[in-house]
Amino acid sequence: MEFTLTTWNVNGIRARIENVTEWLNINNPDILCLQEIKCLEEDFPKEIFTSKGYNVYLVGQKSFNGVAIISKFSSIETKKNIICVSNDMQSRSIECTFEINSFKFIVCCIYLPNGNPIDTDKFTYKIEWMDNLKNYIKKELTKEIPYVVLGDFNVIPTRNDVKNYEEWIDDALFNKLSIKKYRELVNIGLYDCHRLKQIPFKQYTQWDYQRGAWQNNNGVRIDHILLSSYATRYLTGYKIDRNERSKNKPSDHVPVTAMLNIA
DNA sequence: ATGCCGGGCGAAGCCCGA
């Protein structure tokens with residue numbers, strides 16, 4: 001049995017309803033993970049998805065952040081805000097456990113803090129969040145259930161994931177410490193679908209709204225789908241939906257999809 | 001060029017994102 005798993009930072013679900021609906025109708029994903037829904041749960045347009053047979057799991061927040069897992073499969077266990085720093089109230093993580101024909105797997109959807117500018121507490125918050133993410137996922141991997149962590153990581157993993165890396169040295173997305181923390185995370189045993197499928201260099205998932213970033217293909221690859229070692233054997237496909245950025249009123253991020261075959 | 005777009009809030013201009 002084959003199914004698709006998509007991550008998409010929509011930059012406000014209510015502002016993106018038309019784009020998301022059109023994309024959904026064409027692509028018919030099995031699991032759609034959203035970041036930056038930017039609304040409370042009661043303001044999330046659930047009917048768009050439930051009317052098409054999806055289950056909607058989300059953790060909202062007024063104006064900012066917020067993540068959702070929208071799935072044709074029903075979750076047997078859902079955990080919200082599992083990764084946080086001290087007692088802050090930012091909604092940036094949600095995890096669902098699915099079971100399909102006695103095949104169990106876990107999906108964790110994250111919106112990792114941006115962290116700019118780097119000389120402020122926003123950056124220390126990002127780094128602390130990344131430490132907590134690593135510790136949490138490490139514990140989850142001991143369950144030995146195929147595990148997927150995906151979302152907007154706000155980290156450019158290598159200089160091949162950005163047009164001109166020199167311009168990003170002092171940015172929280174490409175700062176040395178951000179990359180070090182990202183490597184610490186993947187080194188607990190996670191594999192990037194983008195690398196597993198040997199996608200060529202310089203393929204991006206986000207283009208800024210400003211300075212003609214899209215027109216100049218001045219993008220960054222910061223939206224990732226990472227698999228545990230137990231999950232890698234099921235990966236059959238991967239794609240970045242680059243064309244979505246050229247649509248009317250687009251998000252600055254595009255959908256990234258992995259295909260898994262579990263039977 | 002650390003805010004030039006764009007979203008949210010809320011009704012003007014500020015906070016936030018990357």
Side-chain angles (χ1 to χ4, degrees), chain A residues 7-21 23 33-45 48 58-68 84-85 88-93 109-127 129-130 150-179 181-182 202-224 240 242 244-256:
Chain A
T7 178
W8 193 4
N9 180 326
V10 289
N11 188 19
I13 186 63
R14 288 170 295 175
R16 217 64 61 207
I17 284 174
E18 285 185 25
N19 307 57
V20 171
T21 304
W23 187 88
C33 299
L34 304 177
Q35 301 87 36
E36 280 203 270
I37 60 173
K38 291 188 172 180
C39 64
L40 290 166
E41 175 148 17
E42 58 260 41
D43 297 320
F44 188 93
I48 291 174
L58 71 92
V59 54
Q61 184 183 329
K62 194 175 171 70
S63 308
F64 307 114
N65 309 318
V67 287
C84 50
V85 171
D88 78 284
M89 296 299 289
Q90 298 191 26
S91 296
R92 293 177 175 276
S93 59
C109 168
I110 65 158
Y111 174 46
L112 206 148
N114 172 293
N116 274 311
I118 54 173
D119 56 351
T120 66
D121 54 3
K122 291 191 178 185
F123 188 65
T124 51
Y125 177 80
K126 174 179 194 166
I127 297 305
W129 206 94
M130 293 183 83
L150 79 177
D152 177 358
F153 284 69
N154 270 317
V155 175
I156 302 165
T158 75
R159 60 180 63 178
N160 299 314
D161 299 307
V162 58
K163 194 175 186 185
N164 301 311
Y165 75 91
E166 297 94 339
E167 296 173 5
W168 293 81
I169 299 292
D170 295 325
D171 193 287
L173 274 63
F174 195 67
N175 178 276
K176 265 188 180 162
L177 188 55
S178 302
I179 292 174
K181 291 297 167 184
Y182 179 81
K202 308 286 184 186
Q203 301 297 306
Y204 313 127
T205 65
Q206 190 273 353
W207 296 259
D208 202 287
Y209 288 118
Q210 301 175 81
R211 296 169 236 179
W214 169 246
Q215 288 74 14
N216 299 314
N217 194 28
N218 195 4
V220 291
R221 191 173 76 86
I222 56 176
D223 300 273
H224 309 304
I240 298 171
R242 195 176 190 282
E244 197 59 31
R245 187 63 177 78
S246 65
K247 297 278 175 69
N248 189 39
K249 263 182 71 92
S251 168
D252 48 343
H253 298 250
V254 297
V256 180

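Lettering follows sequence order; numbering is per chain, from 1. Every heavy atom of this structure was used, including side-chain atoms; hydrogens, water molecules and symmetry mates were not.
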**OP:** Could you verify whether a donor N or O on one side chain and an acceptor N or O on the other, from A/D161 and A/T158, lie under 3.5 Å apart?
**Re:** yes
Original post:
Side chains of A/K38 and A/N11: do they bring a donor and an acceptor to under 3.5 Å?
Top reply: yes
Determine the contact category for [X]: base if any of its heavy atoms lies under 4.0 Å from a base atom, sugar-phosphate if only primed atoms, P, OP1 or OP2 are that close, otherwise nothing.
X      : value
A/K126 : nothing
A/N65  : nothing
A/N116 : base
A/Y111 : sugar-phosphate
A/N9   : sugar-phosphate

Original post:
Is A/N248 atom CG crowded by more than 12 heavy atoms from other residues, nucleotides or ligands, each under 6.0 Å away?
Top reply: no
[N], OP1 or OP2 - any side-chain N/O from [X] closer than 4.0 Å?
X      : N      : result
A/K38  : B/dC9  : no
A/K249 : B/dG7  : yes
A/R211 : B/dA18 : no

**OP:** Could you please name the option among B/dC16, B/dC5, B/dT2 that lies closest to any side-chain atom of A/K122?
**Re:** B/dC16
Whole angstroms only, please: what is the [atom1]-[atom2] distance between [X] and [N]?
X      : N      : atom1 : atom2 : value
A/F123 : B/dA18 : CZ    : C1'   : 14 Å
A/D171 : B/dG3  : CG    : P     : 13 Å
A/N11  : B/dG17 : CG    : P     : 11 Å
A/Y209 : B/dG17 : OH    : C1'   : 10 Å
A/K163 : B/dA18 : NZ    : P     : 21 Å
A/F64  : B/dG10 : CZ    : P     : 11 Å
A/D170 : B/dA1  : CG    : C1'   : 15 Å
A/Y125 : B/dC16 : OH    : P     : 13 Å

Subject >> Most 5' of A/I37 and A/W168 on DNA chain B, judged by nearest nucleotide >> reply: A/I37
Subject >> Contact nearer the 5' end of DNA chain B, comparing A/H253 with A/I13 >> reply: A/I13
Subject >> Inter-nucleotide C1' distance (B/dA1, B/dG10), Å rounded >> reply: 29 Å
**OP:** Could you work out the separation of B/dT2 and B/dA12 based on their C1' atoms and round it to a whole Å?
**Re:** 23 Å
**OP:** Measure across A/T7 and A/G151 and return the closest heavy-atom pair with its distance rounded to 0.1 Å.
**Re:** OG1-CA, 3.2 Å
Original post:
Ignoring hydrogens and angles, are the base of B/dA18 and the side chain of A/N154 linked by a donor-acceptor pair under 3.5 Å?
Top reply: no
**OP:** Among A/K163, A/H253, A/R245, find the one that has a side chain to side chain contact (heavy atoms under 4.5 Å, CB included) with A/Y204.
**Re:** A/K163
Original post:
In terms of the angle between their ring planes, are A/Y182 and A/F153 parallel, tilted or perpendicular, with boundaries placed at 30° and 60°?
Top reply: perpendicular
